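All values below were derived from every heavy atom in this structure, side-chain atoms included, with hydrogens, water molecules and symmetry-related copies excluded. Only a predicted model underlies this, so the values are computations on that prediction, with no experimental measurement involved. Position 1 is the first residue of the sequence, and the numbers go up from there.
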Amino acid sequence: MSKNTELKIADPIGMEVFCNRLLTITEDMNNTLIRSSFSTNIKERKDCSVALFDVQGRLVAQGTQIPLHLGSLNGAVESVLNDFPIVDIKEGDVFICNDPYLSNGSHLPDINIVTPVFWEGELSFFTANIAHHSDVGGTVPGSIAGGSKSIFEEGIRIPACRIVSGHTLNEDLLRIICNNTRDPEERRLDLNVQIGTNARGAQALTSLIEQMGIQAVKQSIDDFINYTQRRVMNRIEELKPGTYNYKSYMDDDGLGGGDPVAICVALTVDGGSLHFDFTGSSGQARGAMNLPLSAMKASVYYAVKAILDPDIAPNAGLFAPISIYAPPGTITNPRPPAAVGARSITAQKVAGAIFGAFQGLLPPEKIMAASNDCCPAIVFSGNWGTREGDFVYLETLGGGSGARFDKDGMDAVHVHMTNTSNLPIEALENEYPLLVDEYALIPDSGGAGLRRGGLGIAKQIRARAEGITFSARSDNHVVGRALGVESGGDGRQAKLIKNFGTPQEQELFSKTANMPLEQYASVRIETSGGGGFGVPGSRSRGLVEQDVRNGKVSLERAQRDFGYTKDAVVTG
């Protein structure tokens, strides 16, 4: 479709006002979900998202949380509409699902709640939210292990089904779900919060309809989606037509050994459309690194938005000019019952590969070196002691982002598909029998360059009790790394170490699972840094001196990478 093709907007000013009213609803839903939840992963780390959909299943507005959840929420509403005829969906119903194969989910810990919204007896919209639950059963605490070989090892599978019918909660289904997890009480509480969050959003949406009228709301939604589509197409038409390729690698497929795993993308620009072809990517992983198609789509949509127009609204108009092909039976589109729990690492690699493909399209001032392109996660679990069930402390960590033409990479941040907060040390030590030994930036972990890559994170945690187990999923330990651009240096690789700095120090496999910890044993994860931009020797003396003073670059590395002598660097 050409940019000259008519996508009518009835009232541009009214559309802008309406857009912000919708975003107000989603932000209120998002705040409700976070502030009312019980698990640290939702209330502290904000590992959740919310959205509004119309009756056709088109995304209308999404809260500002996790890009990867975009695919799951779309898939959940699509599954409800596929599995339940509209005539059978009644006022007072609420649906639940999580399965990547049965309900277009992302992975099992991400549980979706979808609530139909009626106006004058007619189904008109859906409110939806998703939250990452710290445990949904399976063979390991946290329900994610890189070495899982089947989705049946990863926890309870929930196809789209009613959790509430006619305003009545299905207690039997709720008990089945919660009692298939390691902390039934926490699951029950958080699921009830998710249901209540959608109800609050539905109330706000019906209040908006009361003020504007249903036809005005529908027209404004069409305008909003059409505007987004036209704006994306305009950005695409500014690009040079052609096909641009990029390949990135992961260390392994979750089980260790074997060849590195390739992520290949061919980006084709054709008029006002983009096509992404992942042919050539490695075959379906033996372990849990597989990326379900819904999460693959979310990765592509995110990358296009971030690169071409970061301020554009994430709604159905963004998706229209984009087509995607991922061959079935590959790591980017697995066949059931492949395990998918650690799919976030693969999603990060896919997003990073797309950023790499765009390097051939963009001028240097818009190019970004590779970021850590990973989502390392650590899980500690043990008995609560004070109540029934086991605690499951889950945290994903940031790393260094890539440097750009005019800016150093950011230190210690989540990039691309994940956007969760860290768990504050005070909350961690208050909730769990754990002690944080160190939480710091890693000097010299960012790639050298005219602009330096961002630094990775070191986090070291000690068990204060017996019976605690540890699991991790990470990458960039062996092959993967953040590549620099325009002669910039690569970011440092990641490490996972047990009992760091002691005679018992032991480097661990990046996908270690269910490892028992002795009391007072520690585990340290060091995440990878971002790539640098430009020739390191062209970095200004003042910036190198500042990095050395701030402890971000060692004097040795300043001399080696940036060509400074000891006398040239201010160390005090």
Over all heavy atoms of both residues, which pair between [X] and [Y] is shortest? Give the atoms and the distance, please.
{"X": "Leu73", "Y": "Gln62", "result": "CD1-NE2, 4.4 Å"}
{"X": "Ala463", "Y": "Ile468", "result": "CB-CD1, 3.9 Å"}
{"X": "Leu455", "Y": "Ser445", "result": "CA-OG, 3.3 Å"}
{"X": "Arg286", "Y": "Gly257", "result": "NH2-O, 4.0 Å"}
{"X": "Pro260", "Y": "Ser282", "result": "O-OG, 4.2 Å"}
{"X": "Ser371", "Y": "Ala482", "result": "O-CB, 3.2 Å"}

Side-chain contact test, heavy atoms from C-beta onward, threshold under 4.5 Å: evaluate it for [X] versus [Y] and give yes or no.
{"X": "Val553", "Y": "Val544", "answer": "no"}
{"X": "Asp475", "Y": "Gln348", "answer": "no"}
{"X": "Arg452", "Y": "Leu543", "answer": "no"}
{"X": "Gln504", "Y": "Glu518", "answer": "no"}
{"X": "Phe391", "Y": "Glu431", "answer": "no"}
{"X": "Asn419", "Y": "Pro67", "answer": "yes"}
{"X": "Glu154", "Y": "Ser143", "answer": "no"}
{"X": "Leu434", "Y": "Leu428", "answer": "yes"}

What I want to check is whether the side chains of [X] and [Y] have a donor and an acceptor closer together than 3.5 Å.
{"X": "Thr418", "Y": "Thr420", "result": "no"}
{"X": "Ser554", "Y": "Asp444", "result": "yes"}
{"X": "Thr197", "Y": "Asn129", "result": "no"}

If only atom types and distance count, is the side chain of [X] paired as donor or acceptor with the main-chain N or O of [Y] below 3.5 Å?
{"X": "Asn41", "Y": "His133", "result": "no"}
{"X": "Asp251", "Y": "Asn476", "result": "yes"}
{"X": "Ser401", "Y": "Met410", "result": "yes"}
{"X": "Thr396", "Y": "Ala377", "result": "no"}
{"X": "Asn98", "Y": "Ile158", "result": "yes"}
{"X": "Arg343", "Y": "Met289", "result": "no"}
{"X": "Ser72", "Y": "His69", "result": "no"}
{"X": "Ser49", "Y": "Ile66", "result": "yes"}
{"X": "Tyr101", "Y": "Ala338", "result": "yes"}
{"X": "Asn30", "Y": "Gly63", "result": "no"}

Partner of Asn422 by side-chain contact (heavy atoms from CB on, under 4.5 Å), out of Glu395, His414, Glu44: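 Option passing the side-chain contact (heavy atoms from CB on, under 4.5 Å) with Asn422: Glu395.
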
Sole candidate of Phe470, Tyr393, Tyr439 that passes side-chain contact (heavy atoms from CB on, under 4.5 Å) when paired with Ile461: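 Result for side-chain contact (heavy atoms from CB on, under 4.5 Å) with Ile461: Tyr393.
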
Derivation of the side-chain contact (heavy atoms from CB on, under 4.5 Å) call for Arg387 and Asp183: CA-CA 10 Å; Arg387 61 178 175 85; Asp183 194 347; 2.8 Å; yes

With a sphere of 6.0 Å drawn around [atom1] of [X], does it hold more than 12 non-hydrogen atoms of other residues, nucleotides or ligands?
{"X": "Arg35", "atom1": "CZ", "value": "no"}
{"X": "Lys149", "atom1": "NZ", "value": "no"}
{"X": "Lys498", "atom1": "NZ", "value": "yes"}
{"X": "Tyr301", "atom1": "OH", "value": "yes"}

So, taking the atom named [atom1] in [X] and the one named [atom2] in [Y], what distance separates them when rounded to the nearest 0.5 Å?
{"X": "Thr40", "Y": "Tyr432", "atom1": "OG1", "atom2": "OH", "answer": "2.5 Å"}
{"X": "Asp373", "Y": "Ser528", "atom1": "CG", "atom2": "OG", "answer": "8.0 Å"}
{"X": "Thr26", "Y": "Asn31", "atom1": "OG1", "atom2": "CG", "answer": "9.5 Å"}
{"X": "Ser37", "Y": "Arg45", "atom1": "OG", "atom2": "CZ", "answer": "13.5 Å"}
{"X": "Asn550", "Y": "Glu545", "atom1": "CG", "atom2": "CD", "answer": "11.5 Å"}
{"X": "Gln493", "Y": "Thr527", "atom1": "CD", "atom2": "OG1", "answer": "12.5 Å"}

Test log, rule side-chain contact (heavy atoms from CB on, under 4.5 Å), inputs Val265 and Phe355: CA-CA 10 Å; Val265 60; Phe355 270 66; over 6 Å; no

Plane angle bin for Phe358 and Phe276 - parallel if under 30°, tilted between 30 and 60°, otherwise perpendicular: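 Ring orientation of Phe276 relative to Phe358: tilted.
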
Partner of Glu526 by side-chain hydrogen bond (donor to acceptor under 3.5 Å, both in side chains), out of Arg492, His477, Lys459, Lys495: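 Passing option: Arg492.
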
Audit row: Val379, Val392, side-chain contact (heavy atoms from CB on, under 4.5 Å) steps and yes/no: CA-CA 7 Å; Val379 179; Val392 179; 3.8 Å; yes

Trace of the side-chain contact (heavy atoms from CB on, under 4.5 Å) decision for Leu450 with Glu486: CA-CA 9 Å; Leu450 168 66; Glu486 303 289 324; over 6 Å; no

